[in-house]
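Each remark here refers to the structure printed beneath this line.
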Amino acid sequence: MSNKAYLSIWIPVLSFVVALTIVANMGLIIAGGWVASQFGNGTYEFTNSEESASWDTSYYESDYADIDEVDAAAKDLVEEIAAGGMVLAKNQDDALPLDSGAAVTMLGRAAADPVFGGSGSGSVDTNSAITPRVGLENAGFSINDAMYQAIDAFAQDDANKRGHVEMDLPLDSTYDIGEMPVDQYESQVSTFADYDDAAVVFIARPGGEGGDLATDMLDIANDDNVDPRAQEGEHQLELNQDEKDLIALAKENFETVVVVVNASTTMELGALQNDDEIDSIILAGSPGATGFNALGGILSGDVNPSGRTVDTWAADFTADPTFPNFGDFVYSNIEAHYPVSVTESATSNATVTSDAPFVNYAEGIYFGYRYYETAAVEGFIDYDDAVVYPFGYGLSYTDFAWEITGTEAGDVDGTIAVTVEVTNTGDVAGRDVVELYYSAPYTPGGIEKSSVVLGDFAKTGEIAPGASESVTLELAVEDMASYDYLENAAYVLEAGDYSLTVQTDSHHVAEGTEPFTYTVDSDIVYSGENHRASDLTEVTNQFDDVSSEFTTMGGDIQLMSRADFAGTFPTAPEGDALIASDTMVEGFEAWDYDAAAEAFEGEKPTTGAKSDLQLIDLRGLAKDDPKWDELLDSLKVDEMTDMLLNGAYQTAAIGSIAKPTTLEPDGPAGFSSFINSSINGVAYPSEVLIAQTWDVEMGAAMGRMLGEEALQKGINGWYAPAMNMHRSPFAGRNFEYYSEDALLSGAMGTAVANGVAEKGVYVTLKHFALNDQEDNRVNNGIASVADEQTIREVYLKPFEMAVKDITMDVQYIADEDGTVAETTIGAGGVMSSFNRIGGTWAGGSEALLSDVLRDEWGFEGFVISDFNLYPYMNPNQGISAGTDLTLTFQPSKSFGDTSSAKAVTDIRNATHNILFTVANSNAMDGLAPGAEVDYTPPTWVVIQIVSTVVVGLLVLAGIFMVVRRVRRHRAVPATPTDG
């Protein structure tokens, strides 16, 4: 073969191998964050010095021997939560509990295919969860097996799938209720006679991240996804025809009919509540791993139900003031342009164009019980017709009598305390919930105020028949102030009489109790230095750009007012209401970090300076301790940015300061991970069912148990609790959130967070804020448009409570002798949200993340973005505003500016926020100041290096072979020819 032919074969082969090796290595470098998430980051081995070897550095210790013990205890706790949270909504003629050993027929698809939780990041592993049947059998009931098997066979058939959410793909989502047609039930009627002590009918609705429930089952873009039995005007939260037929069949064949609602959203149940042939209704929620055992216990009477509703169960959802402004609305005059490159290139001119979706919170503060109670007081609605179950409502198998035994009315800078003696006047032991409400003086046309607002609550322990227990409810007087964004730009406690009542729910004052009055002599404006005691500094308007969209500030959106419910009742936007204001248009424009850098007046911080400090040396120190500056000065920009841009379920290691990698899984109903299934733990009930306990001690117990699990699995942070509001029952992610009430949500979330903090786990409260709808959430970021009173009093309130009340006790080594000291820090993390506050991305809102969160509330931890895969979520805008960590893998996002004084300052501040939280967490367990660190790369990196070396040697050998062959071929003399 000639040299030319030989080279034509081998040069391309060797070139291809070299190019492939280079591309593979570059790809692993660029996508190292994602690869590491799948195959590991490597390990850091920390070794304490000889001097510190005897020091006590076990900052957190588990109370359990291993993960199996934790899981067993957690499953017991899940059952306890469900038992305390399931609501007995109806019990006509004391139909429940059923007789011991009763033979029952389970009906409804969810009897065999229940909803344990929701889908998406809040999902949990329920493969081994207790089913409804097992729960009832464990309680001693015998079950109609033939009927059950028929339901189970139907549910398992792929042709009969229940509707489900495809995350952020509404056209691929399905909305079929999935109930078995009644004729298939009728085929089993002959089996009913032997199991006719009761029919237990299960009604279920799912929920999921990235999609909402259908407000009109026939108004869905993809007709293939519509429930084939849907009727005109029907929505997903009312009984469909199959369910109505099933209920009718149960009533025809059984003397006792019990309906179990297996859903973490409200439903329209007026027809069932008003039907005398429906004996009992239990609101069971989504009960997690073992919660259906509690259902069996309630049916048998082994458990006395004590749950209370956390939402108003309205009769007609289409008459709710949120209904017209929930769904798909897009501005007609905005085309938002963003860099096409996901790396946010500062020099690229290529852009993508997106729609600009929005949702108007035109109902203002009047949603849930705040609307229904106030509208009834004003004569706008007939309460009994409009409401099926009030907020805070629930029945028991026993009766309670209440007596107010003491009231303390402090000064206006103090508290109001009410002591209530609760006596069990029935025949069985049980627990009760006492609710304290206040009614503020209202002037038509003045500051908007609900007729009642929940001020505090308490749940008793188990009270034996004839026994009593006293509970004390407290309310800071300043907490009755309303936010006045129009006149004073501050919270205002208006003069007048404030009525305080102890109630069994939002609508009923407890029998035997009387309201008492607290009088404020003159208006108190909490402005300037006279701010509320709980605020770090003055609280004033931060969201005028959003409030200006409403007629109250000269905008076009009519805000609902108590002064004229009829004339201001919300309507869906149409016509000119779909045209965005100039302010809104400006908010949707891409953030200009070049302009921000030019306007910055500070100096570029020091980077890469020499220091012997390591992160463990700063554990327990105040955030403004000078040692933090020394540590941060030692870091290089690329060290910091590698951490800031690789924040998906972790904070990355920084070897130079011995910072370990942290592990931060989802989700609100127990640890879960899309990436590492070994993290998945025991499935807790949905946040709705947890909140239905109205038991903060139960919430704290859940947090502590998750902290135990975290210690066993090396978990340091947690993407939870979720603190958004149940603005609409159709919101697909309501199962992840506690309630329609801000105070109840804040109290439960704080309790859970404080529980898990006992084991050194920091939370990231999510999704901050006004993230109350799933549709269009990532379509350029939906603009949430609300006035500042509504923003502060309702949607920020749960986060505010948590930030101000979460505490983590931190043990640390205080001196060179190894003395252990203790300090306390606050909330560790907050997760910003996909949506916009007005036109500004929430994760890029300085007003939200700096002015409110840090300056007003005193937050010292870090903020992480929601999953940052979308062009409008600019990392430079994020760190400028206060979002420190980017929830993504490199190279999905990068900083467009890492060199200007502003960019380096922002990067440094973000790093400081993260390191402060990590230094004071269980991530530092076992470490003493001066610990040394050795890094062992992960196996995939070793394979990469070895493979590259081997391929390199083979290429060199190939080159040598080719060169030698060519030279030899040239050296061979030509063969003479005969002439």
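Everything quoted here is computed from the prediction, not taken from an experiment.
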Is it true that [X] and [Y] have a side-chain N and a carboxylate O under 4.0 angstrom from each other?
| X | Y | result |
| --- | --- | --- |
| Asp925 | Lys759 | no |
| Arg308 | Asp695 | no |
| Glu860 | Lys623 | no |
| Arg704 | Glu708 | no |
| Glu209 | Arg733 | yes |

So [Y] and [X], do their side chains get closer than 4.5 Å, heavy atoms only?
| X | Y | answer |
| --- | --- | --- |
| Glu408 | Ile416 | no |
| Asn909 | Ile879 | no |
| Thr472 | Val418 | no |
| Ile806 | Val763 | yes |
| Val477 | Asp413 | no |
| Met643 | Met640 | no |
| Leu706 | Val761 | no |
| Phe671 | Asp666 | no |

Whether the side chain of [X] engages the backbone of [Y] through a donor-acceptor N/O pair (distance < 3.5 Å, no angle test) should be reported.
| X | Y | answer |
| --- | --- | --- |
| Glu69 | Ala65 | yes |
| Asn680 | Ser673 | yes |
| Thr764 | Trp718 | yes |
| Asp815 | Thr819 | yes |
| Asp302 | Ile298 | no |
| Thr415 | Ala476 | no |
| Asn754 | Met808 | no |
| Asp456 | Leu473 | no |
| Thr460 | Asp432 | yes |
| Glu478 | Ala533 | yes |

Rounded at 0.5 Å granularity, tell me how far [atom1] in [X] sits from [atom2] in [Y].
| X | Y | atom1 | atom2 | result |
| --- | --- | --- | --- | --- |
| Ser534 | Glu800 | OG | CD | 6.0 Å |
| Thr883 | Leu849 | OG1 | CG | 4.5 Å |
| Glu630 | Leu613 | CD | CG | 4.0 Å |
| Leu848 | Leu796 | CG | CG | 6.5 Å |
| Leu885 | Ser832 | CG | OG | 10.0 Å |
| Ser865 | Leu644 | OG | CG | 11.0 Å |

Is the Tyr719 to Tyr649 ring centre distance short of 6.0 Å? yes

Distance under 6.0 Å and angle within 45° of the ring axis: does Arg619 meet both against Phe916?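 The answer is no, since Arg619 fails at least one limit relative to Phe916.
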
Candidates Lys804, Arg792, Arg532 - the one meeting salt bridge (charged side-chain N to carboxylate O under 4.0 Å, His left out) with Glu856: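 Going through the options one by one, the only one that passes is Arg792.
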
For [X] against [Y], the heavy-atom pair lying closest together:
| X | Y | result |
| --- | --- | --- |
| Ser264 | Phe735 | CB-CB, 3.5 Å |
| Pro721 | Ala753 | CD-CB, 4.5 Å |
| Tyr59 | Ile813 | OH-CG1, 3.7 Å |
| Asp772 | Met725 | OD1-N, 3.1 Å |
| Trp55 | Pro929 | CZ3-CD, 4.3 Å |
| Ala82 | Pro287 | CB-CB, 4.5 Å |

Begin with the C-alpha distance, continue with both residues' side-chain angles, and end with the deciding distance and a verdict on side chain to side chain donor-acceptor pair (under 3.5 Å) for Glu664 and Tyr762. CA-CA 9 Å; Glu664 302 167 4; Tyr762 51 87; 2.5 Å; yes

Step by step, work out the side-chain contact (heavy atoms from CB on, under 4.5 Å) result for Gln712 and Ser62. CA-CA 8 Å; Gln712 299 287 342; Ser62 176; 3.3 Å; yes

Determine, step by step, whether Met831 and Leu887 satisfy the side-chain contact (heavy atoms from CB on, under 4.5 Å) criterion, reporting the C-alpha distance in whole Å, the side-chain angles of both residues, the deciding distance to 0.1 Å, and the verdict. CA-CA 9 Å; Met831 180 183 289; Leu887 202 172; 3.8 Å; yes

Parallel, tilted or perpendicular for Tyr737 and His726, by the 30°/60° rule? tilted

Can you label the angle between the His912 ring and the Trp628 ring as parallel, tilted or perpendicular, going by 30° and 60°?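 Tilted.
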
Test side chain to side chain donor-acceptor pair (under 3.5 Å) on Gln692 and Thr309; report intermediate values, then the result. CA-CA 6 Å; Gln692 284 181 188; Thr309 57; over 6 Å; no

Under the side chain to side chain contact (heavy atoms under 4.5 Å, CB included) test, residues paired with Asp809 that sit two or more places apart: Glu822, Thr824

Start with the C-alpha gap between Thr419 and Ser470, add the side-chain angles, then the distance that decides, and say whether side chain to side chain donor-acceptor pair (under 3.5 Å) holds. CA-CA 7 Å; Thr419 300; Ser470 291; over 6 Å; no

Verdict with supporting geometry, Phe391 and Trp694, ring-ring contact (aromatic ring centres under 6.0 Å, His included): CA-CA 12 Å; Phe391 169 81; Trp694 287 66; 5.3 Å; yes

Given Asn716, Thr662, Val810, Ile616, the one that forms side chain to side chain contact (heavy atoms under 4.5 Å, CB included) with Met924: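 Filter result, single survivor: Ile616.
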
Which of these passes side chain to side chain contact (heavy atoms under 4.5 Å, CB included) with Val310: Leu689, Val688, Asp741? Val688

Just by distance, no angles: are the side chains of Lys459 and Thr693 close enough, under 3.5 Å, to form a donor-acceptor pair? no

Going through the checks in order, is the side chain to side chain donor-acceptor pair (under 3.5 Å) test met by Thr651 and Lys659? CA-CA 9 Å; Thr651 65; Lys659 179 209 171 291; 2.8 Å; yes

Could you list the donor-acceptor pairs under 3.5 angstrom formed between side-chain atoms of residues 70-80 and any protein atom two or more places apart in sequence or on another chain?
| residue | atom | partner | partner atom | Å |
| --- | --- | --- | --- | --- |
| Glu79 | OE1 | Asn293 | ND2 | 3.4 |

All ring-ring contact (aromatic ring centres under 6.0 Å, His included) counterparts of His531, not counting sequence neighbours: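 For His531, no residue satisfies ring-ring contact (aromatic ring centres under 6.0 Å, His included) once neighbours in sequence are set aside.
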
